[in-house]
Amino acid sequence: MILGVGTDLANIDRIQGTLDRFGDRFRNRVFTEIEQRKAEYRHDTAGTYAKRWAAKEACSKALGTGLRMGIAWKDMAVTNLRTGQPVMHVTGWAAERLKEMTPEGYEAIIHVTLTDDHPWAQAFVVIEARRVQEAVAQP
C-alpha cells in the first residue's frame, strides 16, 4: 500500500547562489557528510546538491509533514547504490514519523528517484508499506 507521495523541483542556479553566499554554513546545515562528499566529487556540484535538496523536500512531503514538526534536513539523506540508484535514509524525527505512519505488520520502504535538466533538479518519493512475511518454521 502507498503511505505517502512527494515531489519537489529545485532550481540548480538558486542552489549554486546559496552555495556561493553561505558555503559551508549551508552545506553543514542541510547535507550529511556523505552527501557533501558525493556532491564535491561530482563535476556538477550544484546539480548534485539540488537533487538532494529536492529529495529531502519530496521526502518530507511524503511523510505528510513538510519541513516542520521537528524534521531536520539531515534527518533525510540520499546515498547511492553501486548501480547509481539513489536510496533515501531517514533518522531522528523523520524515522519516528515513518514508524508512526506504518501500520502494524508492515514495513515501510522509501522509493526515490532523481533527475535534472539544467536549470532544474527534480525528485519523487513514494513511501510504500509491505506486509512483513512471518517466518515459517521448518520441521
Side-chain angles (χ1 to χ4, degrees):
M1 89 178 66
I2 303 299
L3 298 178
V5 176
T7 185
D8 193 66
L9 186 65
N11 185 286
I12 296 169
D13 294 332
R14 185 174 142 247
I15 296 295
Q16 181 64 64
T18 303
L19 288 165
D20 292 344
R21 184 169 179 201
F22 298 105
D24 285 342
R25 198 167 103 205
F26 171 64
R27 283 182 198 88
N28 294 333
R29 179 174 171 248
V30 176
F31 303 101
T32 65
E33 287 182 30
I34 292 170
E35 290 174 310
Q36 290 180 48
R37 279 197 305 271
K38 174 79 170 182
E40 297 300 325
Y41 174 78
R42 302 288 303 269
H43 174 70
D44 183 13
T45 301
T48 302
Y49 279 124
K51 285 186 279 191
R52 278 146 181 75
W53 171 280
K56 291 167 187 272
E57 287 275 8
C59 185
S60 70
K61 292 170 185 175
L63 288 168
T65 64
L67 284 163
R68 58 181 174 80
M69 296 177 60
I71 291 181
W73 287 102
K74 288 184 177 181
D75 284 349
M76 301 163 288
V78 177
T79 61
N80 295 85
L81 300 177
R82 288 188 184 273
T83 61
Q85 177 184 345
V87 178
M88 177 65 71
H89 305 274
V90 293
T91 58
W93 203 93
E96 290 175 27
R97 171 67 182 147
L98 182 62
K99 183 178 177 182
E100 174 184 297
M101 64 191 285
T102 305
E104 191 166 326
Y106 287 79
E107 62 180 340
I109 298 157
I110 303 174
H111 303 277
V112 60
T113 186
L114 310 173
T115 191
D116 64 289
D117 187 7
H118 196 88
W120 301 107
Q122 186 173 31
F124 286 96
V125 170
V126 175
I127 301 175
E128 172 190 8
R130 287 188 191 160
R131 188 174 297 280
V132 175
Q133 300 295 323
E134 293 189 30
V136 177
Q138 297 294 325

[X] versus [Y], closest heavy-atom pair with distance:
X	Y	result
Ala50	Ala10	O-CB, 3.8 Å
Gly6	Ala62	N-CB, 3.7 Å
Ala46	Ile15	O-CG2, 3.9 Å
Ile2	Val5	CG2-CG2, 3.8 Å
Thr113	Pro86	CA-CG, 4.3 Å
Gly92	Asp75	CA-OD1, 3.9 Å

Practice problem: Under the side-chain contact (heavy atoms from CB on, under 4.5 Å) rule, what do Val112 and Phe124 come out as? Steps first, then yes or no, please. | Solution: CA-CA 6 Å; Val112 60; Phe124 286 96; over 6 Å; no
Look up atom [atom1] in [X] and atom [atom2] in [Y], then write down how far apart they are to the nearest 0.5 Å.
X	Y	atom1	atom2	answer
Asn80	Leu114	CG	CG	7.5 Å
Arg52	Met88	CZ	CE	9.5 Å
Trp53	Phe26	CH2	CZ	5.0 Å
Cys59	Leu98	SG	CG	8.0 Å
Ile12	Lys51	CD1	NZ	7.5 Å
Thr83	Leu81	OG1	CG	4.5 Å

[X], [Y]: one ILVMFWY side-chain cluster at the under-4.5 Å cut-off?
X	Y	result
Ile127	Met1	yes
Val87	Ile110	no
Val90	Tyr106	yes

Practice problem: I would like to know whether Gln122 and Asp117 meet side-chain contact (heavy atoms from CB on, under 4.5 Å); could you show each step before the answer? | Solution: CA-CA 9 Å; Gln122 186 173 31; Asp117 187 7; over 6 Å; no
Practice problem: Could you walk me through whether Thr79 and His89 pass side-chain contact (heavy atoms from CB on, under 4.5 Å), step by step? | Solution: CA-CA 8 Å; Thr79 61; His89 305 274; 2.7 Å; yes
Quiz item: Under 4.5 Å between any side-chain heavy atoms of Trp93 and Glu96, yes or no?
Solution: yes
Exercise. Please tell me if the side chains of Val125 and Lys61 come closer than 4.5 Å, counting only heavy atoms from C-beta onward.
Key: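 A side-chain contact under 4.5 Å is absent here.
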Quiz item: Between the main-chain N or O of Ala39 and the side-chain N or O of Thr45, is there a donor-acceptor pair closer than 3.5 Å?
Solution: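 Pair found, side chain donor or acceptor close to backbone of Ala39.
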Quiz item: Looking only at atom types and distance, does a side-chain atom of Thr7 sit under 3.5 Å from a main-chain N or O of Ala123, one as donor and one as acceptor?
Solution: yes
Quiz item: Does CD belonging to Glu33 count more than 12 external heavy atoms closer than 6.0 Å?
Solution: no
Quiz item: Is it true that atom CG of Leu9 has more than 12 heavy atoms of other residues, nucleotides or ligands lying nearer than 6.0 Å?
Solution: yes
Quiz item: Any side-chain donor-acceptor pair under 3.5 Å between Asn28 and Gln36?
Solution: yes
Quiz item: Looking at Lys74, Arg27, Lys56, which one forms a side chain to side chain donor-acceptor pair (under 3.5 Å) with Glu35?
Solution: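 Looking at Lys74, Arg27, Lys56, the match for Glu35 under the side chain to side chain donor-acceptor pair (under 3.5 Å) is Lys56.
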Exercise. Measure up the Tyr49 and Phe31 rings against each other and bin them: parallel (under 30°), tilted (30 to 60°), perpendicular (over 60°).
Key: tilted
Quiz item: In terms of side-chain geometry, is the basic nitrogen of Glu100 or Arg97 positioned less than 4.0 Å from the acidic oxygen of its partner?
Solution: yes
